Colleague: 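This is the structure, below, for whatever I ask next.
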Amino acid sequence: MTANTPTPAGDIPSDFIRAIINEDQAAGAYDGRVVTRFPPEPNGYLHIGHAKSICLNFGVGEQYQGARCHMRFDDTNPTREDIEYVESILADVKWLGFDWGENLCYASDYFEQLYEYAEQLIRDGNAYVDSLTADEIRDFRGTLTEPGKKSPDRDRPPEESLDIFRRMRAGEFADGEYVLRAKIDMASPNLNMRDPVLYRIRHAEHHRTGDDWCIYPMYDYAHSLSDSIEEITHSLCTLEFEDHRPLYDWCQEVLGIYRSRQIEFARLNLTHTVMSKRRLRQLVEEGHVAGWDDPRMPTLSALRRRGYTPESIRDMCERVGVARRNSMTELALLEHCLREDLNRRAPRRMAVLRPLKLVITNYPEDSSEEFQAINNPEDETMGTRQVPFGREVYIERDDFMEDPPRRFYRLAPGREVRLRYACLITCTDVVKDAQGEIVEVHCTYDPDSRGGNAPDGRRVQGTIHWVSAAHAVPLEVRLYDNLFTESDPAGSETDFLDLINHDSLETVTAMGEPTLATTEAGDRLQFERLGYFCADTDSRPGAPVFNRTTTLRDTWARISQRDT
RNA sequence: UGGGGAUUAGUCUAGUGGUAAGACGCCUGACUCUGGAUCAGGUAUCACAGGUUCGAAUCCUGUAUCCCCAGCCA
């Protein structure tokens, strides 16, 4: 490995991990090298919690001079892992915008070397083959407050252990017949040090090594050695592995191999969702959601489908920071990052979610015209487009009230509002059906206000969006809300499944301006005054489907809610 | 009366002996052809109790609360 010039600690953000790395750099530790790794097990989909780890590890790998971050699969348990997960994980990391370059690694690539190190451990008297059953090992382990007992096999001579271990590898024994254990300290107050299992027999096909092996290394052993083999300098993991650090260090120390340093940080928790693989799997398997990429899920594939940008996710991870205390980040922060990003980038369009027909009685029948609309007021370079207009338009049901409360300054009988980019209209009549439901609103327009400007400069409080009825394109729109009603469903007394928000998905047929007919899956748009929407992969030619990524900040919703 | 961690505003994070910083949220107001965006202002004495010190969120002592650990999972 080549030595690197230390990076000046000046402008590297100051979370405690980077502070440690800065110190190491200043002290010339690790020859000035900085190498991290992101080590998922390919047994599930990546979620927003993983994003924090990805941003940290790859972020560090980018920030320091000559640094890098290895993409490594911790694939030591063939019974639950699959190539499908490998591929989705790779795609998600790439989507987030990170690059592992040449450094795509698999713990399974080290199986032979790991095995040889295990023989060394046995020869040195640091490991032994045990014939205790799983139940017996548990019994012998002791409890949190009582020391464990030594296995009768603990003093098996190294030659004998070596022989059995080789035969374990050769496939002479059934699953569970023997295990290889580290010989450390059965009385240690740290249960991980009470002769932890290093290898177990598993006659199972591995997604990469096939049936080359029938013994597989355990996490603590494999992870510590993999880090060492790759000469990882800073091995960043979550808090629950803190108790494993002594074992991590022990493995590298007794073998006399490259020393990596494990540093733990608090994982990301987000309100109104769950993050554990077990719960996510349950949501999918029991059909509470449509799949791993159901846009209500916190998986990266779901967030992508929902319309979240990788930039917004990375921004959130940066703002959350890195520390050692358990925390729960508010979803609002992620949403803020999203809106900030999309506000700059998303083209504006007009669509009406809950259409109410509005007839402009003084507008000529069978006539139409086009108005120019701005594609993005935040970015002039995005230009303008023409939007057709006619005698009948759809407006949002919420934008009309027959008997409006104070502070409501949209359309109501006798009121004048602006149809965005089109003209000023005044409500003259309300048409109801037999049930008393409003089915139509009649207005007159001011011909001199074409384009939406008041000819005499008079102030018009409200501006509402609309879609020409004659030109409208029907859209399937999926309105998403939080999957859970409580902020911490996993931490609640109530079972998390009973906290599912049954209104988390509402599908409506909206009416959109003509340009919306030609969107492609993945396109992100702002429907003016409503929110950000993303064309779904379910879209078909002539039948667009949109996911509501998030609403716009809605001051009126807050005011009206507060007043009731 | 096992071990390991943590404790700064509603939330997240900075501050490491010199009198609490930033972000989100929330509240006010300005502006506005998105009640969007933008802009201006407001919003904590640092878990608690003692102690050291001219001076403590930062040092010491004790207490409380929360999290993690008894897979041949990672």
Side-chain angles (χ1 to χ4, degrees), chain A residues 13-15 39-41 43 74-77 79-81 130 132-134 137-139 141-148 175-181 188-194 196-202 216 218-220 222-223 237-246 264 266 268 271 277 316 318-337 339-340 343-344 348 350 373-374 377-378 407-410 417-422 424 451-454 460-465 487 526-531 551-560:
Chain A
S14 68
D15 58 70
E41 181 188 15
N43 71 340
D74 234 325
D75 54 350
T76 57
N77 186 350
T79 60
R80 16 187 276 170
E81 296 157 7
D130 198 350
L132 250 33
T133 65
I137 287 182
R138 190 183 327 112
D139 290 341
R141 187 156 29 227
T143 68
L144 293 177
T145 53
E146 306 158 31
D175 288 7
E177 226 170 307
Y178 288 104
V179 290
L180 181 71
R181 290 231 254 169
S188 171
N190 181 343
L191 304 214
N192 294 303
M193 299 300 269
R194 319 242 262 227
V197 171
L198 264 24
Y199 269 90
R200 76 286 216 188
I201 300 172
R202 274 269 145 68
Y216 291 93
M218 298 288 291
Y219 164 83
D220 289 295
H223 199 89
C237 64
T238 43
L239 254 25
E240 69 270 26
F241 292 105
E242 197 154 9
D243 290 341
H244 295 242
R245 197 190 328 136
E264 311 83 16
L268 174 74
T271 60
K277 272 180 187 164
M316 182 206 66
E318 221 163 275
R319 294 192 199 213
V320 162
V322 181
R324 285 180 64 86
R325 81 166 115 166
N326 296 311
S327 59
M328 176 76 76
T329 295
E330 289 177 341
L331 218 210
L333 179 61
L334 211 211
E335 290 177 335
H336 169 82
C337 295
R339 291 189 182 111
E340 191 172 83
N343 177 48
R344 272 188 294 117
R348 271 55 170 175
M350 287 200 286
I374 295 166
E378 305 294 320
R407 305 237 257 170
F408 179 89
Y409 50 83
R410 279 115 89 147
V417 300
R418 172 169 27 242
L419 290 181
R420 180 146 229 235
Y421 297 126
L424 304 182
N453 301 303
V460 181
Q461 269 267 63
T463 296
I464 64 177
H465 60 281
S487 66
Q526 183 194 101
F527 289 172
E528 295 225 20
R529 301 210 308 132
L530 297 173
T551 59
L552 252 29
R553 273 187 79 230
D554 191 345
T555 308
W556 166 243
R558 217 176 303 131
I559 292 171
S560 57

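Every chain is numbered from 1 and lettered A, B, ... according to where its sequence line falls, protein lines coming before strand lines. If you're wondering where the values come from, they're calculated on a predicted model, not measured in any experiment.
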Colleague: CD of A/Glu378 versus C1' of B/U32: gap in Å, rounded?
Modeller: 12 Å

Colleague: Go through the structure and list residues passing salt bridge (Lys or Arg N to Asp or Glu O under 4.0 Å) with A/Arg181, not counting sequence neighbours.
Modeller: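 Testing A/Arg181 for salt bridge (Lys or Arg N to Asp or Glu O under 4.0 Å), a comparison that skips the adjacent residues, returns A/Asp130.
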
Colleague: For B/G4, take OP1 and OP2 only and decide whether either is under 4.0 Å from a side-chain N or O of A/Arg245.
Modeller: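 Checking A/Arg245 against B/G4: no side-chain N or O falls below 4.0 Å of OP1 or OP2.
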
Colleague: OP1 or OP2 of B/A6 sitting under 4.0 Å from any side-chain N/O of A/Arg324?
Modeller: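 Yes, within the criterion.
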
Colleague: Kindly express the pairing pattern of RNA chain B in dot-bracket notation, using | wherever a base pairs with another strand and counting only Watson-Crick or G-U pairs under 3.5 Å.
Modeller: .(((((((.[[[[.)..(..]]]]((((((.......))))))...[[[[[..)....]]]]])))))).....

Colleague: Please state how far atom CD in A/Glu318 lies from atom P in B/U13, giving the value in whole angstrom units.
Modeller: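 These atoms are roughly 15 Å apart.
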
Colleague: Going from CD on A/Gln461 to CZ on A/Arg410, what distance comes out if it is rounded to the nearest 0.5 angstrom?
Modeller: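 Separation between the atoms: 11.5 Å.
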
Colleague: Could you give the distance separating B/G71 and B/A14 at their C1' atoms, to the nearest angstrom?
Modeller: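 Straight-line distance between the two C1' atoms is 39 Å.
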
Colleague: Check nucleotides 22-25 of chain B against the protein and report each pair of N or O atoms closer than 3.5 Å, with its distance, or say if there are none.
Modeller:
unit_1	atom_1	unit_2	atom_2	d
B/A23	O2'	A/Arg319	NH1	3.1

Colleague: Please enumerate all residues that pass side-chain hydrogen bond (donor to acceptor under 3.5 Å, both in side chains) together with A/Arg344, with sequence neighbours excluded.
Modeller: A/Asp341

Colleague: Taking only the P atom of each, what is the distance from B/A56 to B/A30 in whole angstrom?
Modeller: 43 Å

Colleague: Checking all strands, does A/Pro147 fall into the base, sugar-phosphate, or nothing category for heavy-atom contacts under 4.0 angstrom?
Modeller: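 Counting heavy atoms under 4.0 Å across all strands, no contact is made by A/Pro147.
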
Colleague: Could you tell me how far apart A/Met193 (CE) and B/G2 (C1') are, to the nearest whole angstrom?
Modeller: 15 Å

Colleague: Given the C1' atoms of B/G50 and B/U16, what is the spacing between them in whole Å?
Modeller: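 B/G50 and B/U16 have their C1' atoms separated by 22 Å.
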
Colleague: If I take atom CG in residue A/Asp15 and atom C1' in nucleotide B/G15, what distance separates them, rounded to the nearest angstrom?
Modeller: 14 Å

Colleague: Give, for atom NE2 of A/His465 and atom CG of A/Leu530, the distance between the pair rounded to the nearest 0.5 Å.
Modeller: 4.0 Å

Colleague: At what distance, to the nearest 0.5 angstrom, does CZ of A/Arg141 lie from CG of A/Leu132?
Modeller: 10.5 Å

Colleague: Between B/U32 atom P and A/Arg418 atom CZ, what is the distance in whole Å?
Modeller: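 Atom CZ in A/Arg418 sits about 11 Å away from atom P in B/U32.
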
Colleague: Please name all residues satisfying salt bridge (Lys or Arg N to Asp or Glu O under 4.0 Å) with A/Glu340, sequence neighbours left out, ordered by chain then number.
Modeller: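 Listed in chain order: A/Arg319.
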
Colleague: Give me the distance, rounded to whole Å, that separates B/U58 from B/G4 when you measure between the P atoms they each carry.
Modeller: 23 Å

Colleague: In whole Å, what separates the C1' atom of B/A57 from that of B/A44?
Modeller: 12 Å

Colleague: Counting the atoms with a prime plus P, OP1 and OP2 as sugar-phosphate, which does A/Phe527 contact under 4.0 Å by heavy atoms, base, sugar-phosphate, or nothing?
Modeller: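 A/Phe527: no heavy atom of the nucleic acid under 4.0 Å.
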
Colleague: For A/Asp243, enumerate each residue passing the side-chain hydrogen bond (donor to acceptor under 3.5 Å, both in side chains) test, keeping only those at least two apart in sequence or located in another chain.
Modeller: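 A/Asp243 satisfies side-chain hydrogen bond (donor to acceptor under 3.5 Å, both in side chains) with no residue once adjacent residues are dropped.
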
Colleague: Scan A/Arg410 against the nucleic acid and name what it touches under 4.0 Å (heavy atoms): base, sugar-phosphate only, or nothing.
Modeller: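 Base, at least one base heavy atom under 4.0 Å.
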
Colleague: Salt bridge (Lys or Arg N to Asp or Glu O under 4.0 Å) with A/Arg245: which residues, sequence neighbours excluded?
Modeller: A/Glu242, A/Glu264

Colleague: So what does A/Thr145 hit on the nucleic acid, given a heavy-atom distance under 4.0 Å: a base, only sugar-phosphate, or nothing?
Modeller: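 A/Thr145: base contact, heavy atoms under 4.0 Å.
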
Colleague: A/Asp75: which residues meet the salt bridge (Lys or Arg N to Asp or Glu O under 4.0 Å) condition with it, sequence neighbours left out?
Modeller: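 A/Asp75: no salt bridge (Lys or Arg N to Asp or Glu O under 4.0 Å) contacts found.
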
Colleague: Is the distance from the ring center of A/Phe408 to that of A/Trp556 below 6.0 Å?
Modeller: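 They qualify: ring centres under 6.0 Å apart.
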
Colleague: For the atom pair NE2 (A/His244) and CG (A/Asp220), what is the distance rounded to the nearest 0.5 Å?
Modeller: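 One gets 5.5 Å once the value is rounded to the nearest 0.5 Å.
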
Colleague: Just how far, in rounded Å, is P of B/U32 from OH of A/Tyr421?
Modeller: 16 Å

Colleague: Describe the nucleic acid contact of A/Val322 in one word from base, sugar-phosphate, nothing, applying a heavy-atom distance below 4.0 Å.
Modeller: sugar-phosphate

Colleague: Indicate, yes or no, whether a donor-acceptor pair under 3.5 Å links the base of B/G35 to the side chain of A/Arg407.
Modeller: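 No, the side chain and the base share no sub-3.5 Å donor-acceptor pair.
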
Colleague: Using a 4.0 Å heavy-atom cut-off to protein, can you give one letter per nucleotide of nucleotides 67-74 of chain B, 5' to 3': B if the base is in contact, S if only the sugar-phosphate is, - if neither?
Modeller: SBBBSBBB

Colleague: Could you list the residues that satisfy side-chain hydrogen bond (donor to acceptor under 3.5 Å, both in side chains) with A/Arg420, not counting sequence neighbours?
Modeller: A/Glu528

Colleague: Could you check if a side-chain atom of A/Thr463 sits within less than 4.5 angstrom of a side-chain atom of A/Arg529, using non-hydrogen atoms only?
Modeller: no

Colleague: Pairs under 3.5 angstrom, nitrogen or oxygen only, protein versus nucleotides 42-47 of chain B, please.
Modeller:
none

Colleague: Given atom CE of A/Met328 and atom P of B/U11, what is their separation to the nearest angstrom?
Modeller: 11 Å

Colleague: Over how many whole Å does the gap from A/Gln526 atom CD to B/U34 atom P extend?
Modeller: 11 Å

Colleague: Checking understanding here: a glycosidic angle within 90° of 0 is syn, the rest anti, so what is B/G4?
Modeller: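 Here B/G4 takes the anti form, which means its glycosidic angle is more than 90° from 0.
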
Colleague: Taking the side chain as everything from C-beta on, heavy atoms only, tell me whether A/Leu419 gets closer than 4.5 Å to A/Ile464.
Modeller: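 In contact.
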
Colleague: Which pair of non-hydrogen atoms, one from A/Arg194 and one from A/Thr143, has the smallest distance, and what is that distance?
Modeller: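 That closest heavy-atom pairing would be NH2-O, 2.7 Å.
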
Colleague: Pick the C1' atom in B/G36 and in B/A9, then give their distance to the nearest Å.
Modeller: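 Taking atom C1' in both B/G36 and B/A9, they lie 28 Å apart.
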
Colleague: Partners of A/Glu240 by side-chain hydrogen bond (donor to acceptor under 3.5 Å, both in side chains), sequence neighbours excluded?
Modeller: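 For A/Glu240 the side-chain hydrogen bond (donor to acceptor under 3.5 Å, both in side chains) partners, ignoring immediate neighbours, are A/Thr238, A/Arg267.
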
Colleague: Determine the interatomic distance between P on B/G10 and the same-named atom on B/C27; round to the nearest Å.
Modeller: 15 Å

Colleague: For atom C1', what is the distance between B/A40 and B/C31, given to the nearest Å?
Modeller: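 B/A40 and B/C31 have their C1' atoms separated by 11 Å.
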
